[in-house]
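Let me begin by presenting the structure, written as structure tokens, before commenting on it.
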Amino acid sequence: MVKGIKKLDYAFYRRADVLAIARDLIGKLLVTRVDQVLTSGRIVETEAYAGPSDKASHAYGNRKSTRTGVMYREGGCAYVYLCYGLHHLFNVVTNREGIPHAVLIRALEPVSGLDKMAERTGKKSGDISLTRGPGNLSRALGLRHGMSGTDLCGQDIFIADDGTAVPPGSILATPRIGVGYAAEDAALPYRFIWQGNKYVSGKISG
DNA sequence: CGACCGATCGTCT
DNA sequence: GACGATCGGTCGA
């Protein structure tokens, strides 16, 4: 591993405050090694899903199934699922066993393995949409829903701190995307973005 | 720029 | 049998 880069440990993921974890993930590096190739990107957008009481969460009301059961595991593994039949959305499972908290990674700024990302997506390595949006970044990094449950402290998928400091004032909390069905919970400020970063999904701003 | 729509299929009812 | 924690293209103002 590259000097000066620290892989996040289980203690990071097992904290009780999923909002703090979602915020803390901004600026970290998401790294995958799929097909023997390393690809990575800096996290610039996340969303917290706060368990049984959160109407936007797959685990709302403690719903549990083969797919969502991964969310109930001890924090520190991946929850990847297929959305709309074609997009693989990558989440980080947090908190302790039995508490289905998760953080959806929604956008990255590409850091390494750009050529491989381009190959996987059929785009050019400079394409802004390469890792912008949860479906796009999963394709670029080779994340598939079959990888759900993968240990985040292993070699295949992990998140690291390379010492990059994000000014607290540049992290903005907003409502989550695409969860209009969640009634009053749709308005909760559970989405965190690195304000002004061009890889943040949605409207261009900042 | 905003609104709309088709693609596509595993999962849950 | 219906429905998405999306994306990218198209169409109209």
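None of these values were measured; they are calculated from a predicted model.
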At under 4.0 Å between heavy atoms, what does [X] touch on the DNA or RNA strands: base, sugar-phosphate, or nothing?
X        : value
A:Arg67  : sugar-phosphate
A:Leu89  : sugar-phosphate
A:Lys123 : sugar-phosphate
A:Gly85  : base
A:Asn91  : base

Checklist entry - Does a nitrogen or oxygen in the side chain of A:Tyr84 sit under 4.0 Å from OP1 or OP2 of C:dT6? => result yes
Nearest-neighbour nucleotide for the [X] side chain, [options] considered:
X        : options              : answer
A:Leu86  : C:dT6, B:dT8, C:dC7  : B:dT8
A:Pro134 : B:dT11, C:dA5, C:dC7 : C:dC7
A:Leu82  : C:dG4, C:dA5, B:dC9  : B:dC9
A:Tyr79  : B:dT8, C:dA5, C:dG8  : C:dA5

Nearest-Å distance, [atom1] ([X]) to [atom2] ([N])?
X       : N      : atom1 : atom2 : result
A:Met71 : C:dA5  : CE    : P     : 11 Å
A:Glu45 : C:dA5  : CD    : P     : 16 Å
A:Arg63 : B:dT13 : CZ    : C1'   : 12 Å

Under 3.5 Å: donor-acceptor pair, side chain of [X], backbone of [Y]:
X        : Y        : answer
A:Ser170 : A:Pro167 : yes
A:Lys123 : A:Ala140 : no
A:Thr131 : A:Leu137 : no
A:His101 : A:Asn95  : no

Item to check | Upstream residue (5' side of DNA chain B) when A:His145 and A:His87 are each assigned their closest nucleotide | outcome: A:His87
Item to check | Any strand: nucleotide that pairs with B:dT8 via Watson-Crick or wobble, under 3.5 Å | outcome: none
Checklist entry - Is there a Watson-Crick or G-U wobble partner for C:dA5 with both distances under 3.5 Å, and which nucleotide is it? => result none
Checklist entry - Do A:Phe12 and A:Tyr10 have ring centroids that are under 6.0 Å from one another? => result no
Item to check | Centroid distance under 5.5 Å and plane angle under 30°, A:Tyr49 vs C:dA5 | outcome: yes
Checklist entry - Quantified in whole Å, what is the C1' atom distance between nucleotide B:dG10 and nucleotide C:dG8? => result 22 Å
